[in-house]
Amino acid sequence: EAQVTQNPRYLITVTGKKLTVTCSQNMNHEYMSWYRQDPGLGLRQIYYSMNVEVTDKGDVPEGYKVSRKEKRNFPLILESPSPNQTSLYFCASSVRTSGTFSSYNEQFFGPGTRLTVL
Amino acid sequence: AQKITQTQPGMFVQEKEAVTLDCTYDTSDQSYGLFWYKQPSSGEMIFLIYQGSYDEQNATEGRYSLNFQKARKSANLVISASQLGDSAMYFCAMREGRGKAAGNKLTFGGGTRVLVKP
């Protein structure tokens with residue numbers, strides 16, 4: 001089954017304790033990204049990767065790191081988490097798709113990781 | 001200024017009736033695309049419909065249609081014959097410009113919560 005997986009799905013941690021949220025896709029997509037979702041703000045892009053060893057900042061990269069050593073994996077690293085990073089996190093990969101009238105990059109989202117930093 | 005504005009934080013709709021969710025956008029790019037996603041209470045992001053800026057006809061996907069008014073910069077989602085399973089959060093999103101990075105990045109609105117009443 002084509003999918004994007006994230007682990008863990010839920011995490012409660014304390015300020016300053018390093019953590020990693022894993023993301024893996026089995027669709028051989030080149031492009032992957034991370035978003036965070038906060039009430040009233042929708043989803044905002046944290047980091048993205050256009051291919052192996054190619055990563056760049058999104059709109060809200062402060063406090064996060066990523067790596068892309070393999071095409072299928074795109075982990076999100078919080079070196080020193082703080083309470084303002086409490087959020088719902090989504091990993092996504094995308095592929096060019098033909099729509100009815102035009103083509104577009106269809107995003108496949110993972111199930112989300114709910115992170116609470118105390 | 002917000003790039004995507006969803007002015008309805010929440011709304012009720014009677015089962016079997018149609019509902020329109022508002023979305024206005026702001027961009028200076030000529031090439032852009034508009035997406036709608038559904039997020040049920042389980043949290044996953046479900047792609048509903050896409051409209052490209054050069055598409056001359058409004059997009060439709062089953063019970064979903066997109067009322068695209070380019071001059072007004074609006075891309076409202078219409079759900080016909082509402083069902084109880086349509087109760088969810090709905091997000092409007094936009095990608096701007098061309099190129100691999102721009103074409104894959106989505107900017108989201110704050111969302112509209114829909115509750116379908118039996």
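Here the structure is a predicted model, which is why all the values come from computation and not from measurement. Protein chains get the first letters and strands the later ones, always in sequence-line order, with residue 1 at the start of each.
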Checklist entry - Looking only at heavy atoms, which two atoms of A/Glu106 and B/Phe47 are closest? And how far apart? => result OE2-CD2, 4.0 Å
Checklist entry - Between B/Leu21 and B/Val116, is there a shared hydrophobic cluster once you connect ILVMFWY residues whose side-chain heavy atoms come closer than 4.5 Å? => result yes
Checklist entry - Tell me, side chain or backbone of B/Glu61 under 4.5 Å from chain A's heavy atoms, or both, or neither? => result side chain
Item to check | Structural part of B/Tyr37 lying under 4.5 Å from a heavy atom of chain A | outcome: side chain
Checklist entry - Under a single-linkage definition using a 4.5 Å side-chain heavy-atom cutoff for Ile, Leu, Val, Met, Phe, Trp and Tyr, are B/Met94 and A/Tyr31 assigned to the same hydrophobic cluster? => result no
Next on the checklist: Are A/Leu78 and A/Ile46 linked, directly or through intermediate hydrophobic residues, by side-chain heavy-atom contacts shorter than 4.5 Å (ILVMFWY only)?
Outcome noted: yes
Item to check | Intermediate values then yes/no, side-chain contact (heavy atoms from CB on, under 4.5 Å), A/Tyr35 and B/Met45 | outcome: CA-CA 12 Å; A/Tyr35 291 85; B/Met45 296 291 288; over 6 Å; no
Checklist entry - Between B/Glu44, B/Gln57, B/Met89, B/Glu56, which has the largest tally of heavy atom pairs under 4.5 Å with chain A? => result B/Gln57
Checklist entry - Checking A/Ser102 against chain B: side chain, backbone, both or neither under 4.5 Å from a heavy atom? => result both
Item to check | Top contributor to chain B contacts, counting heavy-atom pairs under 4.5 Å, from A/Asp56, A/Asp59, A/Asp38 | outcome: A/Asp59
Checklist outcome for this item: So OG1 of B/Thr107 and CD of A/Gln45: to nearest 0.5 Å the spacing works out to 8.0 Å
Next on the checklist: Using heavy-atom distances under 4.5 Å, tell me whether A/Ser103 contacts chain B through its side chain, its backbone, both, or neither.
Outcome noted: backbone
Item to check | B/Arg113 atom CZ, neighbour heavy-atom count above 12 within 6.0 Å | outcome: no
Checklist entry - Would you say the side chain of B/Arg95 lies within less than 4.5 Å of the side chain of A/Asn105, judging by non-hydrogen atoms? => result no
Checklist outcome for this item: d(B/Phe91 CZ, A/Gln37 CD) to nearest 0.5 Å is 4.0 Å
For residues 109-118 of chain A, which side-chain N or O atoms pair as donor and acceptor with protein atoms under 3.5 Å away, sequence neighbours left out?
residue: A/Thr113; atom: OG1; partner: A/Gln6; partner atom: NE2; Å: 3.0
residue: A/Thr113; atom: OG1; partner: A/Pro8; partner atom: O; Å: 2.7

Item to check | Heavy-atom neighbours of A/Lys57 NZ exceed 12 at 6.0 Å | outcome: no
Checklist entry - Is there side-chain contact between B/Gln51 and A/Tyr104, with heavy atoms separated by less than 4.5 Å? => result no
Item to check | Residue part contacting chain A, namely of B/Leu106, when any heavy atom lies under 4.5 Å | outcome: both
Next on the checklist: Which atoms of A/Leu43 are under 4.5 Å from chain B, going by heavy atoms: the side chain, the backbone, both sets, or neither?
Outcome noted: both
Next on the checklist: With a 4.5 Å cut-off on side-chain heavy-atom distances among I, L, V, M, F, W and Y, is there a chain of contacts connecting B/Val19 to B/Leu66?
Outcome noted: yes
Next on the checklist: Starting from B/Ile79, can I reach B/Val13 by hopping between I/L/V/M/F/W/Y residues whose side chains sit under 4.5 Å apart?
Outcome noted: yes
Next on the checklist: Looking at B/Phe12, I'd like to know if its CZ atom is crowded, meaning that more than 12 non-hydrogen atoms belonging to other residues, nucleotides or ligands lie closer than 6.0 Å.
Outcome noted: no
